[in-house]
Engineer: 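First the structure, then my questions, so here it is.
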Amino acid sequence: MEVNRSDTATRILEVSELLFVEHGFEATSLRMITQQAEVNLAAVNYHFGSKDALFESVFMRRFTPLISACLAELDALEAKGAGDSIERVVMTFIRPCLALSRDPARGGALFVRLLSRALVENHRLLREALSREYSEFVERYTQAFRRALPELGEQDLSWRMHFAFGLMFNAFAGNDVLKIFRKSPVVTARDPEAIVQHLVPFVLAGLTMPASD
């Protein structure tokens, strides 16, 4: 989606990104956005057309470069003939996410949380856009996982990819589930570096466990 990159449009995008992370899509109203961005509703409609289109614009302006970075890493790995290592395949996704989380100019940790939240929440129009625009990403990673885990049947492979990507996206969302039950001073759920340190071995253990009968 093409977005008019005027100062007003950029301010709307940045305020919306913050509010969508904090409150989620449904709970964030256009009134909240216009008040914090100090614009009127007409400005939002002019630049984006609707709340759904605004959300898609907020998401895609960060997500498109991330997907490109992941595929570039995957290209480089396969060019070196190292695509048979599942750990290296997983890291072609993890490294760009970590690099993004360190770069406020590209959204930083804030967008990584929005990415996780958006994919956990069922925003129908965004999912349709992702399916339409990023089918290559899904197909390339399916092929890469299949090469790295040749011992798995199609069903086992699909389930493990489902759980692995679901876990990785959710982990970056910054939600400390343990805090629901008790204080958890050890878990730093909003520290991307700590997340990667503990997440990768966990994901790899699940991916490489013996195949089911």
Side-chain angles (χ1 to χ4, degrees), residues 59-60 62-120 127 129-178 186-213:
F59 192 87
M60 294 304 191
R62 309 289 198 195
F63 193 62
T64 297
L66 174 62
I67 291 300
S68 296
C70 291
L71 292 178
E73 289 248 1
L74 193 56
D75 286 340
L77 180 70
E78 292 173 350
K80 293 189 295 186
D84 59 344
S85 165
I86 188 59
E87 180 175 3
R88 290 176 179 173
V89 171
V90 168
M91 290 307 296
T92 66
F93 175 78
I94 292 288
R95 272 194 300 271
C97 286
L98 188 57
L100 174 62
S101 74
R102 295 167 174 157
D103 187 355
R106 293 191 292 140
L110 183 69
F111 176 70
V112 175
R113 289 174 56 203
L114 177 62
L115 168 63
S116 306
R117 183 162 193 162
L119 296 179
V120 170
R127 286 179 180 269
L130 291 175
S131 177
R132 183 176 64 250
E133 300 291 336
Y134 301 110
S135 58
E136 180 191 0
F137 172 84
V138 176
E139 181 58 30
R140 287 288 308 282
Y141 271 91
T142 299
Q143 293 173 3
F145 272 68
R146 189 178 289 125
R147 284 192 295 270
L149 298 167
E151 70 278 9
L152 295 181
E154 204 64 29
Q155 186 175 48
D156 272 337
L157 181 68
S158 296
W159 275 108
R160 293 187 194 195
M161 286 187 65
H162 166 71
F163 287 128
F165 277 100
L167 177 59
M168 288 187 287
F169 281 126
N170 191 60
F172 279 111
N175 299 318
D176 184 353
V177 178
L178 289 180
V186 176
V187 173
T188 51
R190 294 193 177 182
D191 179 351
E193 304 277 356
I195 290 170
V196 169
Q197 178 185 353
H198 297 282
L199 172 66
V200 171
F202 192 86
V203 169
L204 292 176
L207 287 170
T208 58
M209 66 180 290
S212 60
D213 295 331

Engineer: Nearest 0.5 Å, please: how far is CG in Leu98 from CD1 in Ile94?
Structural biologist: 8.0 Å
Engineer: What's the spacing between Leu74 CG and Arg88 CZ if we round to 0.5 Å?
Structural biologist: 13.5 Å
Engineer: Looking at side-chain heavy atoms only, is the closest gap between Met168 and Val90 below 4.5 Å?
Structural biologist: yes
Engineer: Answer yes or no: does atom CD of Glu87 have more than 12 heavy-atom neighbours from other residues, nucleotides or ligands under 6.0 Å?
Structural biologist: no
Engineer: Closest approach of Ala105 and Arg62, non-hydrogen atoms and distance?
Structural biologist: O-NH1, 3.3 Å
Engineer: Taking CD in Glu151 as the centre, count heavy atoms belonging to other residues, nucleotides or ligands within less than 6.0 Å. Is the count above 12?
Structural biologist: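 Count over threshold, so yes.
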Engineer: How long is the span from the CZ atom in Arg146 to the OG atom in Ser158, to the nearest 0.5 Å?
Structural biologist: 7.5 Å
Engineer: Nearest 0.5 Å, what's the CD1-OG distance between Ile195 and Ser101?
Structural biologist: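 With rounding to 0.5 Å, CD1 (Ile195) is 8.0 Å from OG (Ser101).
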Engineer: Dump the intermediate steps for side chain to side chain contact (heavy atoms under 4.5 Å, CB included) on Arg140 and Asp75, then the final yes or no.
Structural biologist: CA-CA 10 Å; Arg140 287 288 308 282; Asp75 286 340; 2.8 Å; yes
Engineer: Can I get a per-line list of side-chain donor-acceptor pairs under 3.5 Å for residues 200-207, giving both atom names and the distance, sequence neighbours left out?
Structural biologist:
none

Engineer: Donor-acceptor pair, Arg95 side chain versus Cys70 backbone, under 3.5 Å?
Structural biologist: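 No; judged by distance alone, with no hydrogens or angles, the pair does not exist.
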Engineer: Glu193 and Gln197: side-chain donor and acceptor closer than 3.5 Å?
Structural biologist: no
Engineer: To check you understand the geometry: which heavy-atom pair defines the closest contact between Arg160 and Met209, and what is its length?
Structural biologist: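 Residues Arg160 and Met209, closest heavy atoms: NH1-O, 2.7 Å.
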Engineer: Closest heavy-atom contact between Phe59 and Leu114?
Structural biologist: CE1-O, 4.3 Å
Engineer: With a 4.5 Å heavy-atom cut-off, do Phe145 and Leu152 have their side chains touching?
Structural biologist: no
Engineer: Might you point out which heavy atoms bring Glu78 and Ala144 nearest each other, and give the distance in Å?
Structural biologist: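 For Glu78 and Ala144, the tightest heavy-atom pair comes out as OE2-CB, 4.1 Å.
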Engineer: Do you know the tightest heavy-atom contact between Arg106 and Leu100?
Structural biologist: O-CD1, 3.1 Å
Engineer: Could you grab the distance from atom CD1 of Ile67 to atom CZ of Phe137, nearest 0.5 Å is fine?
Structural biologist: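 Reported value, rounded in 0.5 Å steps: 4.0 Å.
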Engineer: With side chain to side chain contact (heavy atoms under 4.5 Å, CB included) as the test, would you mind laying out the steps for Met91 and Glu73 before giving the verdict?
Structural biologist: CA-CA 9 Å; Met91 290 307 296; Glu73 289 248 1; over 6 Å; no
Engineer: Is there a donor-acceptor pair closer than 3.5 Å between any side-chain N or O of Thr92 and the backbone N or O of Val89?
Structural biologist: yes
Engineer: Show every ring-ring contact (aromatic ring centres under 6.0 Å, His included) that has at least one partner inside residues 81-106, sequence neighbours left out.
Structural biologist: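 Sorted result for residues 81-106: Phe93-Phe165, Phe93-Phe169.
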Engineer: If I take atom CG from residue Leu149 and atom CE from residue Met161, how far apart are they, to the nearest 0.5 angstrom?
Structural biologist: 9.5 Å
